[in-house]
Amino acid sequence: METVVSGIRSTGKLHLGNYYGAITNFVKMQREYNCYFFIADLHALTTHPTPEDLYANVRQVVVEYLAAGIDPEAATIYIQSDVPEVAELYLYLNMNAYVGELERAASFKDKVRANPDNVNAGLLTYPVLMAADILLHRATKVPVGKDQEQHLEMSRTFANRFNRLYKTEYFAEPYAFSFDSKLVKIPGLDGKGKMGKSEGEANAVYLSDSPEVIRKKVMRAVTDSGPTVPNQPKADAIQNLFDLMAVVSSPDTVQHFNEQYNNCAIRYGDLKKQLAEDMIAATEPVRTRIHEISNDNDYISNVIRMGNEKARESARKTLTEVREIIGFRKF
Ligand code: TRP
């Protein structure tokens with residue numbers, strides 16, 4: 001069975017875009033592949049979180065992934081910092097990663113531009129740590145978005161370089177992978193592009209948002225002054241609301257509002273009210289699970305203990321073999 005690895009950013013709560021995109025993908029994959037999903041809390045150190053924030057964010061992400069359907073019996077879910085072998089592999093790969101190529105990575109340049117006062121070495125070698133995450137389990141499939149494609153390319157480079165240097169074929173090349181070729185589009189509420197937290201708090205609906213907060217956010221979503229001529233194409237902001245409706249509402253509801261739009265009788269207030277209620281209903285089971293799991297410390301620690309053990313078993317095996325290949329032999 002092929003192995004899948006994905007690192008999850010430990011920067012807090014999940015929105016509907018994460019839920020209907022990446023997580024739905026993970027939930028399907030966990031039955032078909034040998035999956036490792038981990039919380040990337042070592043990567044998070046590049047931005048210097050306080051110990052309290054680091055802990056709270058990692059916990060929240062674990063809770064929300066479990067609530068959203070990651071099954072700890074099917075997949076291995078673990079915390080990156082609980083598997084020290086990853087730091088060791090990172091060290092070995094660093095010996096064979098060149099400063100020039102690391103400086104040319106687009107995400108590094110973006111981060112330097114955004115935070116010129118915090119250009120630390122961890123930021124520079126972020127792609128090496130990511131390669132170590134993947135190669136640690138000798139994974140070939142990595143479910144990540146377009147923004148991580150260059151990092152994956154670098155993982156392939158480091159894997160191949162290791163193989164060439166030590167005249168081995170130990171590491172296979174990892175590639176980006178999506179279980180579902182047709183990923184649903186989840187736009188934000190600001191009338192522009194996709195849902196994301198960098199676009200501002202009001203643009204995204206979070207899985208942990210209460211029904212009142214969801215109503216407030218949806219009612220404030222950007223619209224226009226409405227159609228005056230029948231059967232006109234929709235402006236982006238309006239299309240976005242219909243796209244969200246297509247995900248959370250029944251086909252009848254979508255059809256009803258489409259007809260209203262097409263004969264210029266639509267009232268966006270009514271559409272938003274309906275959208276908010278359908279969104280609340282669609283996310284209710286996850287919201288309930290988030291509360292249940294969050295209150296169950298024993299469950300969380302059992303899940304994590306079990307995941308860490310499975311991850312370390314795989315990691316130890318790789319590191320034993322890697323040390324042997326490198327030439328660290330017993331005297
Ligand atoms: N860099 C990824 C992101 O920002 C997170 C990540 C860290 C990751 N290590 C990984 C993803 C290994 C896939 C595999 O989303």
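Both ligands and their constituent atoms are indexed starting at 1 by order of listing.
Remark: minimum distance from atom 1 (N) of ligand 1 to any protein heavy atom is reached at Tyr126 OH, 2.7 Å. When hydrogens are left out, the protein atom nearest atom 3 (C) of ligand 1 is Arg9 NE, 3.2 Å; that is the closest non-hydrogen contact. If you check which protein heavy atom lies closest to atom 2 (C) of ligand 1, you get Gln148 OE1, 3.4 Å. Counting only heavy atoms of the protein, atom 5 (C) of ligand 1 lies nearest to Gly7 O, 3.7 Å.
Checking Arg138 against Ser314 by side-chain atom types alone, no donor-acceptor pair falls below 3.5 Å. Counting only N and O atoms by type, the side chains of Asn308 and Arg305 include no donor and acceptor under 3.5 Å apart. Looking only at atom types and distance, the side chain of Tyr90 has a donor-acceptor partner in the side chain of Thr125 under 3.5 Å away. Side chains of His151 and Ser107: a donor on one and an acceptor on the other come within 3.5 Å. A donor and an acceptor atom, one from each side chain of Asp41 and Ser10, are nowhere located under 3.5 Å apart. Side chain to side chain, Gln274 and Asp278 meet the donor-acceptor criterion of an N or O pair below 3.5 Å.
Contacts with ligand 1 closer than 4.0 Å are made by no heavy atom of Phe37, backbone or side chain. Within the 4.0 Å heavy-atom criterion, the part of Ile134 lying near ligand 1 is the side chain and not the backbone.
Pairing each heavy atom of Cys264 with each of Thr228, the nearest pair is SG-C, 3.6 Å.
Taking distance alone, with nitrogen or oxygen atoms compared against 3.5 Å, Ser6 stays at or beyond that limit from ligand 1. Looking at ligand 1, you won't find any N or O of His151 less than 3.5 Å from one of its N or O atoms.
Of all atoms in ligand 1, listed by their number and element, those nearer than 4.0 Å to a heavy atom of Phe38 are 9 (N), 10 (C), 12 (C). Atoms of ligand 1 lying under 4.0 Å from at least one heavy atom of Val144, given by number and element, are 11 (C), 13 (C). Remark: ligand 1 atoms within the under-4.0 Å shell around heavy atoms of Asp133 are 7 (C), 9 (N), 10 (C), 12 (C). Each of the following atoms of ligand 1 lies closer than 4.0 Å to a heavy atom of Val142: 13 (C), 14 (C).
Criterion: ILVMFWY side-chain heavy atoms under 4.5 Å apart, direct or through other members. Under it, Val322 and Leu165 are part of a common hydrophobic cluster.
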